[in-house]
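Beneath this line is the structure, given in C-alpha cells, with notes to follow.
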Amino acid sequence: RLRKLKEKGCSLLLEVVAGQNVTTMTSATTQDVVLLNDCTVGNNTFKVSNGHIFYGNGFKVTVTGNGSSNNYQLGVGIIAVESDGVLDNVEVICLNYPRAYMYTSEFKDNPTPWPYQYAAVAVSGNSTVSNCHLYGARVNLIVGIGNNVIDNCVLECAALANMQINSNDMGTVTLKDL
C-alpha cells in the first residue's frame, strides 16, 4: 500500500512510539504515554517524570475542576512535569479560575484563602514542555528549579500570569518560540 501511495505522489509520515496508548489523562512515571483522543479531567494532578514522555498527539485536555487546593502549594500543576520528564504536543484548556479575585492580604469575596491555585502545567527538574497550548489557568505554566526548556508553546488568557518562574537561582529556563 505504501508503494502505491508513493507512486501516486502521496507521502505519509509514520512515527513509531514505544509507549502506552491512553484515551484519558494518565501519569507517565513508569512508561511513555500517547494520548489517543480529547479528554476531560477534574482536580486530579498527573505526573510526567523519570525521563518519560507524555505525547498528546495535539489532542485537548479540558480541566473542569475548580483547581482549588487546601495545601497552599502554589507550585502545583494539573500536569506536573519533573525529573527529566517531557510533555509534548498537548493542548490544556483550564476552566479552573472562574472569577478574577483581587489579592491584597487575602482573596476578597471568598472566605477560603488561595482558592483556584493550580497551574495548568508545573515544570521542574531538567524537564521539557514543547509544542503545547496552555490556556485559562490561574497561571498557565509554573517553572521551578532545574534546567528546564519551554519550546514552541502558546500560553494565553491566564487569570494571574501566563508564566511564573520560581527557580531561586537553582538552574536555567530556556524559552524558544514562546
Side-chain angles (χ1 to χ4, degrees), residues 15 17-36 38-65 67 69 71 73-97 116-178:
E15 182 176 353
V17 180
Q20 175 186 7
N21 295 330
V22 295
T23 57
T24 185
M25 190 67 196
T26 188
S27 292
T29 57
T30 59
Q31 63 185 353
D32 296 342
V33 172
V34 180
L35 187 62
L36 295 179
D38 291 346
C39 64
T40 302
V41 300
N43 283 336
N44 296 327
T45 57
F46 303 89
K47 288 191 177 185
V48 181
S49 63
N50 302 323
H52 292 289
I53 299 170
F54 185 97
Y55 184 70
N57 267 334
F59 288 116
K60 184 187 303 181
V61 175
T62 302
V63 181
T64 59
S69 173
N71 60 12
Q73 295 179 13
L74 292 175
V76 172
I78 295 295
I79 302 172
V81 186
E82 54 196 27
S83 303
D84 299 312
V86 176
L87 181 68
D88 187 24
N89 200 20
V90 66
E91 182 175 8
V92 183
I93 305 299
C94 290
L95 307 172
N96 64 358
Y97 206 107
Y116 311 110
Q117 65 187 10
Y118 284 160
V121 174
V123 60
S124 63
N126 306 322
S127 297
T128 301
V129 176
S130 60
N131 306 309
C132 291
H133 178 207
L134 310 179
Y135 178 92
R138 178 188 65 84
V139 174
N140 284 326
L141 179 65
I142 293 180
V143 182
I145 62 171
N147 298 318
N148 300 294
V149 176
I150 315 303
D151 184 14
N152 194 32
C153 292
V154 175
L155 311 175
E156 65 176 331
C157 294
L160 183 62
N162 280 314
M163 184 185 323
Q164 178 178 333
I165 299 174
N166 297 338
S167 66
N168 298 325
D169 296 328
M170 299 291 289
T172 61
V173 181
T174 302
L175 306 176
K176 300 177 191 176
D177 299 321
L178 187 63

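Quick caveat, the model's predicted, so the values are computed rather than measured.
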| query | Does Lys47 offer a backbone N or O that forms a donor-acceptor pair with the side chain of Ser27 under 3.5 Å? | reply | yes
| query | Is the backbone N or O of Ile53 less than 3.5 Å from a side-chain atom of Asp32, with the two atoms forming a donor-acceptor pair by type? | reply | yes
| said: Whether the side chain of Thr29 engages the backbone of Val48 through a donor-acceptor N/O pair (distance < 3.5 Å, no angle test) should be reported. | reply: no
| query | What closest approach, in Å, do Asn131 and Cys153 show between heavy atoms, and which atom pair accounts for it? | reply | N-SG, 3.9 Å
| Is the side chain of Asn89 donor-acceptor paired with the backbone N or O of Tyr55 at a distance under 3.5 Å, no angle test? | no
| task | Output the distance between atom CG (Leu87) and atom CZ (Phe54), rounded to the nearest 0.5 Å. | result | 7.0 Å
| query | What's the shortest heavy-atom distance between Asn148 and Ile145, and which atoms? | reply | ND2-O, 3.3 Å
| query | Do the side chain of Asn147 and the main chain of Thr172 share a donor and acceptor less than 3.5 angstrom apart? | reply | yes
| request: Any chance you could measure Asn140, atom CG, to Asn162, atom CG, to the nearest 0.5 Å? | output: 5.0 Å
| What's the shortest heavy-atom distance between Cys94 and Ala120, and which atoms? | SG-CB, 3.7 Å
| If every non-hydrogen atom of Val90 is compared with every non-hydrogen atom of Phe59, which pair is closest and at what distance? | CG2-O, 3.6 Å
| remark: Tightest non-hydrogen contact, residues Thr128 and Val81, listed as O-CG1, 4.0 Å
| said: Looking at every non-hydrogen atom in both residues, tell me the closest pair between Val123 and Leu141 and how far apart they are. | reply: CG1-CD1, 3.9 Å
| request: Look at atom CZ of Phe46 and say whether more than 12 heavy atoms of other residues, nucleotides or ligands are closer to it than 6.0 Å. | output: yes
| said: With rounding to the nearest 0.5 angstrom, report the CG to CE distance, Leu178 to Met163. | reply: 4.5 Å
| field | Side-chain donor or acceptor of Asp84 paired with backbone N/O of Asn50 under 3.5 Å | value | no
